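Following: one structure in structure tokens, then a few remarks.
In this text the structure is predicted, and so the values were computed from the model without any measurement.
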Amino acid sequence: MRWWDLDPVLGLERDLFPEDAWSRGMFWSELAHSRGPEATRCYLVAESADGRIVGYAGLAAAGDLADVQTIAVARDHQGTGLGARLLTELLRAATAFECHEVMLECRVDNLPAQKLYERFGFTPIGFRRGYYQPGNVDALVMRLTTEPGGGAAAGSASVQGTDIND
């Protein structure tokens with residue numbers, strides 16, 4: 001993801017997460033840490049064959065811990081495997097950052113996302129009450145742990161069909 005991707009990303013963000021959409025400033029802040037030798041973030045966009053951004057994802061790393069910040073797939077591309085492909089790329093990034101544990105929060109009412117994460121080996125470890133505001137929706141906290149040297153991508157799957165760019 002680059003700064004010139006922000007307008008279509010923000011459009012998707014508002015469509016998919018109307019109550020708790022990230023702001024332009026939040027994305028800028030994350031992108032500021034995604035380049036150079038001291039990078040601690042990986043943000044990706046997925047484009048359809050016609051060049052339209054149809055998904056995006058982000059990961060933050062600190063030490064040997066990574067955190068999935070966001071994964072979003074346009075409504076007309078949901079169910080195509082794009083979410084799995086984005087997650088695969090984030091797990092590869094976690095491996096590149098030498099992270100052995102990957103965390104994420106997921107809305108408790110987002111069962112398709114929970115099933116995706118479980119397919120990749122994430123396990124529930126707790127809840128964050130009222131995490132998603134202003135809707136006061138709880139978050140399910142999930143974790144994927146790998147053996148040192150095994151890499152975080154151990155739980156990944158191969159999905160094809162949409163170009164993903166960082």
- Task: State which residues pass side-chain contact (heavy atoms from CB on, under 4.5 Å) with P112; sequence neighbours excluded, sorted by chain then number.
- Result: N110
Under 3.5 Å, which donor-acceptor pairs link side chains of residues 55-62 to any protein atom two or more places apart or in another chain?
unit_1	atom_1	unit_2	atom_2	d
Y56	OH	E13	OE1	2.2

- Item | Option passing side-chain contact (heavy atoms from CB on, under 4.5 Å) with L86 (candidates L82, L90, T88) | L82
- What residues, two or more places apart in sequence or in another chain, satisfy side-chain contact (heavy atoms from CB on, under 4.5 Å) together with I125? M103, T123, V141, R143
- Message: Just to verify, what does E19 make a side-chain hydrogen bond (donor to acceptor under 3.5 Å, both in side chains) with, not counting sequence neighbours?
- Response: none
- Item | Residues which pass side-chain hydrogen bond (donor to acceptor under 3.5 Å, both in side chains) with D109, listed by chain and number, not counting sequence neighbours | R107
- Note on the structure: D20 meets the side-chain hydrogen bond (donor to acceptor under 3.5 Å, both in side chains) criterion, sequence neighbours left out, with none
- By salt bridge (Lys or Arg N to Asp or Glu O under 4.0 Å), which residues pair with R14, not counting sequence neighbours? none
- Query: Going only through I, L, V, M, F, W and Y residues with side-chain contacts under 4.5 Å, is there a path from L91 to L65?
  - Reply: no
- Which pairs pass salt bridge (Lys or Arg N to Asp or Glu O under 4.0 Å) with one or both residues in residues 49-67, sequence neighbours excluded? R52-D76
- Message: Tell me if a side-chain donor or acceptor on S34 pairs with a main-chain N or O of L31 at a distance below 3.5 Å.
- Response: yes
- Task: Please check if the side chain of R75 supplies one atom and the backbone of D15 the other of a donor-acceptor pair under 3.5 Å.
- Result: yes
- Task: Kindly state each residue pair satisfying salt bridge (Lys or Arg N to Asp or Glu O under 4.0 Å) with at least one member in residues 121-137, sequence neighbours excluded.
- Result: E105-R128, R129-D138
- Side-chain heavy atoms under 4.5 angstrom apart, residues restricted to Ile, Leu, Val, Met, Phe, Trp, Tyr: same cluster for L111 and Y117? no
- Those residues that, when tested against W28, pass side-chain contact (heavy atoms from CB on, under 4.5 Å) (two or more places apart): W3, L6, R24
- Query: Between F27 and Y43, what is the ring plane arrangement, given parallel below 30°, perpendicular above 60°, and tilted in between?
  - Reply: perpendicular
- Contacts of type side-chain contact (heavy atoms from CB on, under 4.5 Å), residue E98, not counting sequence neighbours: none
- Task: For salt bridge (charged side-chain N to carboxylate O under 4.0 Å, His left out), just list the numbers for R92 and E89, CA-CA rounded to whole Å, side-chain angles, deciding distance to a tenth of an Å, and then say yes or no.
- Result: CA-CA 5 Å; R92 285 187 182 136; E89 294 302 318; 2.5 Å; yes
